Every structure is written in structure tokens, then in C-alpha cells.
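In what follows, chains carry the letters A, B, and so on, assigned in the order in which the sequence lines appear, proteins first and then strands, with residues in each chain numbered from 1. Here the structure is a predicted model, which is why all the values come from computation and not from measurement.
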Protein chains: 2
Amino acid sequence: MRVVIARCQVDYAGRLTAHLPMATRVIMVKADGSVLVHSDGGSYKPLNWMSPPCTLREEVAEDGVTEWTVSAAKSDDTLRIRIEKVLHDTSHDLGVDPGLRKDGVEKHLQELLAEHTTTLGEGMSLVRREYMTAIGPVDLLCRDAAGAAVAVEIKRRGEIDGVEQLTRYLELMNRDPQLRPVRGVFAAQEIKPQARVLAEDRGIRCVVVNYDELRGIDDPSLRLF
Amino acid sequence: MRVVIARCQVDYAGRLTAHLPMATRVIMVKADGSVLVHSDGGSYKPLNWMSPPCTLREEVAEDGVTEWTVSAAKSDDTLRIRIEKVLHDTSHDLGVDPGLRKDGVEKHLQELLAEHTTTLGEGMSLVRREYMTAIGPVDLLCRDAAGAAVAVEIKRRGEIDGVEQLTRYLELMNRDPQLRPVRGVFAAQEIKPQARVLAEDRGIRCVVVNYDELRGIDDPSLRLF
DNA sequence: AGGTCAATCTCGCCT
DNA sequence: AGGCGAGGTTGACCT
């Protein structure tokens with residue numbers, strides 16, 4: 001890992017062209033040759049970058065200006081960095097990172113709801129998770145108290161595209177004489193008003209689920225019986 | 001901008017929880033207090049981070065281990081960094097960045113197609129760009145050789161959600177006696193097979209457009225007449 | 001401020 | 001390897 005702080009001008013040409021005027025920025029060069037150009041603001045996205053696999057060529061022009069050319073290995077994307085003045089330049093061997101452990105995403109929510117289907121409606125029981133259809137897997141297939149099929153789409157945040165997804169599944173599943181009629185349930189930790197309106201307009205029930213509460217139900221140490 | 005290279009352990013708690021075991025990494029602290037933790041690989045996304053607005057508190061524990069606590073201003077997201085050993089620590093004032101100039105994205109493609117509507121079909125003419133409907137603007141409203149309305153959705157890469165978007169527009173527009181019947185055209189530089197199947201199943205025509213070719217047509221220096 | 005949509009998206013999973 | 005969906009998405013633009 002090399003970190004350079006320098007006054008530089010950056011030009012990218014590839015899927016689009018992008019230009020950064022001369023200014024002071026941080027340039028990170030990773031062990032795999034990839035390059036990130038960061039300013040002192042914005043979020044985690046660099047102003048400009050080159051993803052691996054790529055190669056970095058360093059040249060010094062006649063006028064003494066250093067120019068870096070970073071070329072992508074699989075396309076003709078290039079990043080050109082003209083360096084006017086280097087304020088800082090340091091390199092360190094970081095080694096291979098042990099990597100990130102995550103918890104609490106949609107998959108976990110699906111597991112919890114699969115175990116506690118009554119959260120989705122009284123008398124609801126699970127048929128199977130990831131029920132496969134021709135256009136993709138439905139998160140949960142259930143049966144309600146009356147024995148009718150219910151397709152459940154689970155999102156962390158419920159937005160319009162999730163309702164569209166569920167609608168496509170329902171349209172397809174309702175053509176299957178073995179299954180129909182199939183109702184839809186849209187379950188999320190939070191459902192945007194527009195998504196709720198669209199869902200309810202299509203006869204899809206919206207269920208807001210409390211992740212912490214579900215996790216609490218599921219936590220053996222919190223069970224009383 | 002402060003750049004620290006250190007052996008550290010990182011824990012994030014917020015929308016999810018994430019843990020990074022002790023290892024050597026680069027930590028960037030931007031002027032607005034935001035923090036990025038990078039390893040020597042991956043793409044531009046940090047292993048862990050805190051977006052602004054946030055505050056950074058630095059504490060030294062009894063055992064001499066430094067702990068940074070980065071807290072988001074608007075939520076209770078926190079990033080905890082335990083620093084075992086600092087290999088490098090430098091700060092520089094970068095000033096405000098003049099910012100990025102981009103060219104060649106979807107908007108430009110829309111401009112080009114608006115000027116060359118025959119690319120979308122013989123005898124096609126433009127009615128207007130960004131034709132407003134109750135659920136949002138249709139990229140292009142055209143009329144075909146026979147004078148019938150055509151709604152055009154433009155994407156750089158044509159995927160299913162683009163077809164859904166166009167379908168919603170068509171459904172709405174076909175309720176308008178002034179407009180109907182309205183046909184749909186899905187135009188993109190590249191159309192994914194699944195999106196094409198869905199579009200054609202719904203009677204939407206798919207048109208693959210060549211951006212460079214269109215730009216060539218539009219470039220005055222390349223015009224012969 | 002909030003909603004919508006694109007992105008040089010990145011990342012992970014699955015076929 | 002390619003397709004597909006999610007993201008602590010981020011960012012830009014509009015209302």
C-alpha cells in the first residue's frame with residue numbers, strides 16, 4: 001500500500017470521461033495496482049479510481065511533471081494522473097486482510113421469519129423458503145389458516161421495486177392450477193408510503209416486522225419456556 | 001485529511017454489525033470527521049467506514065491501547081477502532097476540491113436519441129423529451145410513421161427494472177384517450193436477455209443503440225453534408 | 001428535506 | 001464465468 005499526497009490533475013476515459021482539475025488530493029495505490037483518488041470530503045467513494053486488475057506506469061516528462069498512467073487489464077479504460085507536487089509519499093506492506101464478518105442483513109431476517117411465520121398473519125405456516133419459480137425464487141411460500149397459498153417477499157426496506165418483484169411472482173404463480181389462488185405479503189422492517197400504496201392497490205398485504213423483537217423471540221437466552 | 005497506517009481492530013454497529021479482526025490497515029480521516037478503513041485489496045469500497053456527518057472521539061485506555069469512537073450525528077451508528085500499533089500518522093490540509101466533470105452518461109444518450117429518433121424506428125419523430133406523467137417523466141415521447149404515440153425508455157444497460165418502469169408508464173398513458181394507443185420502445189446500449197424476454201412478452205420493442213456511432217453522427221467534424 | 005433513479009457502482013451468491 | 005439481487009449502497013437531480 002502506497003499513500004501519496006500531492007497536487008494533481010486526473011483524467012479518466014472508459015465507460016465515460018471524467019476530469020479533475022489540479023488540486024491537492026490523496027492517492028492510494030493498493031498492492032494489486034488499483035488506484036483511488038480521494039478529496040477531503042464526500043463519502044467513501046473516491047473522486048476517481050481504477051479497479052483491479054490494472055497496471056500502473058510512472059513517467060517523468062521533460063518539464064519535470066510526473067505522469068501516472070493506470071490501465072485496466074481487460075478493457076481500454078485508462079486513468080491519467082499528472083502530479084505537479086508531491087507533499088507526501090509513503091509505502092507499507094499490509095499483508096492480506098483477514099476480512100469482514102457481517103450480521104443482520106436480509107438473509108437473517110428471512111431465517112427469522114421462516115421460523116416465526118405467524119408474525120406474517122394468524123395461522124400462517126411455512127411451506128418452504130426460496131420457493132423456486134421460472135423467474136426466480138420467492139422468499140417464503142406459506143399457507144394461511146384456510147390452507148391457501150401465500151407468497152412472501154422480504155426486504156429490509158420495502159420500496160416500489162420490491163412490490164413489482166412480488167407482483168411478477170404472483171402473476172406467474174396464479175397461472176399454476178396447483179397453487180392458485182396465491183395471495184401476496186410484503187414484509188419489511190420499514191415500508192415506504194409509495195410502496196405501501198402500490199402494494200395495497202394490488203391486494204398485497206404489508207407487514208412491518210421488528211427485527212430486534214424477532215431476534216429476541218429467537219434468542220434462547222431470552223426464552224421463558 | 002489525516003492518514004494513519006496501523007494495526008487495528010474495527011467494529012461497526014448500526015444497520016448491521018460488522019467486525020474486522022486485528023490487522024494492519026490504512027485509516028483515512030477526512031476533514032468532515034468521516035472515516036474510511038482500507039485494506040490492501042478490494043475495489044474502492046472501504047472494509048468499514050463512517051459517513052459524515054459524524055464525530056470522532058479518541059481515547060487511550062489503561063493498557064495503552066488507543067480506541068477511536070466514531071459516532072454518526074443523525075443515528076446511533078458507531079464505529080469503534082482499537083489501535084494496537086501506529087506505523088504511520090500524517091495530516092495535510094487539502095482544501096476544498098474543485099470537483100469532478102463527467103461526460104457520456106444516460107442524459108447524453110437521451111440527448112443524442114432525441115436528435116436522431118429514426119434510430120428508434122423508421123419514420124419516428126420526437127414529440128418531446130422528459131414527457132411528464134403522474135408517476136414520473138417518460139424519457140422520450142415520439143410518434144411513429146403512422147402518427148401513433150410511442151413511449152421510449154432509455155438506459156445505458158437495459159435490465160428488468162427498466163422494463164417495469166416503462167410498463168408502468170405505458171399502463172398509465174394508455175388510459176389517456178388523447179394519447180392511446182401508446183406503444184413502448186426500450187432503448188439501451190446493451191439489453192440483458194431476461195429484460196428482452198420480459199419486454200417482448202409485453203409487446204415492447206427493444207432497440208440496441210450504439211453510443212459511439214450516435215456520437216459520430218452528431219459530431220459536426222465527421223459530417224459530410 | 002425527501003423521493004426517485006443512475007452508477008466507471010461493488011459485493012456476494014448461485015448456476 | 002455470467003447472471004441476479006442487495007447495499008451501512010453513494011450521488012445527482014428534482015419537487
Is there any protein nitrogen or oxygen under 3.5 Å from a nitrogen or oxygen in nucleotides 10-15 of chain D, and what are the pairs?
unit_1: D/dT10; atom_1: OP1; unit_2: B/Ser51; atom_2: OG; d: 3.2
unit_1: D/dG11; atom_1: OP1; unit_2: A/Ser43; atom_2: N; d: 3.4

key: Pairwise C1' distance, D/dC14 and C/dT8 [rounded to whole Å]   = 24 Å
message = With nearest nucleotide decided by heavy atoms, which residue, B/Lys74 or B/Leu100, maps closer to the 5′ end of DNA chain C?
response = B/Lys74
request  = Send over the distance from A/Leu166 CG to D/dG5 P, rounded to a whole Å.
outcome  = 14 Å
task = For B/Met50, answer base if it contacts any base atom (sugar-phosphate contacts may also be present), sugar-phosphate if it contacts only those atoms, and nothing otherwise; contact means non-hydrogen atoms under 4.0 Å.
result = base
message = For A/Arg2, run the salt bridge (Lys or Arg N to Asp or Glu O under 4.0 Å) check against A/Asp89, A/Asp32, A/Asp93 and tell me which one passes.
response = A/Asp89
key: Beyond-backbone contact of A/Thr24 with A/Asp40, side-chain heavy atoms, under 4.5 angstrom   = no
task = Rounded off to whole Å, could you give me the CG-to-C1' distance for the A/Leu16 and C/dT8 pair?
result = 5 Å
message = Between C1' on C/dT8 and CD1 on A/Ile81, what's the gap in Å once rounded to a whole number?
response = 14 Å
Plane angle bin for B/Tyr44 and A/Tyr44 - parallel if under 30°, tilted between 30 and 60°, otherwise perpendicular = tilted
Trace of the salt bridge (charged side-chain N to carboxylate O under 4.0 Å, His left out) decision for A/Glu164 with A/Arg168 = CA-CA 6 Å; A/Glu164 294 288 13; A/Arg168 286 198 299 276; 5.6 Å; no
Nucleotide D/dG7, atom P - distance to OH of B/Tyr12 in whole Å = 12 Å
query = Do any N or O atoms from the side chain of A/Asn174 and from the backbone of A/Arg180 form a donor-acceptor pair under 3.5 angstrom?
reply = no
Separation of atom CD in A/Glu130 from atom P in D/dG5, rounded to whole Å = 12 Å
ask   = Quick one: A/Gln110 CD to C/dG12 P, roughly how many Å, whole number?
value = 19 Å
query = In a check of side-chain contact (heavy atoms from CB on, under 4.5 Å) between A/Glu153 and each of A/Leu166, A/Leu140, A/Val163, which one passes?
reply = A/Leu166
request  = Rounded to the nearest angstrom, tell me the gap between atom CG in A/Asp11 and atom P in C/dT8.
outcome  = 15 Å
message = For B/Arg202, is the CZ atom crowded, meaning more than 12 foreign heavy atoms sit under 6.0 Å from it?
response = yes
Distance, rounded to the nearest Å, where A/Ile160 contributes CD1 and D/dA6 contributes P = 15 Å
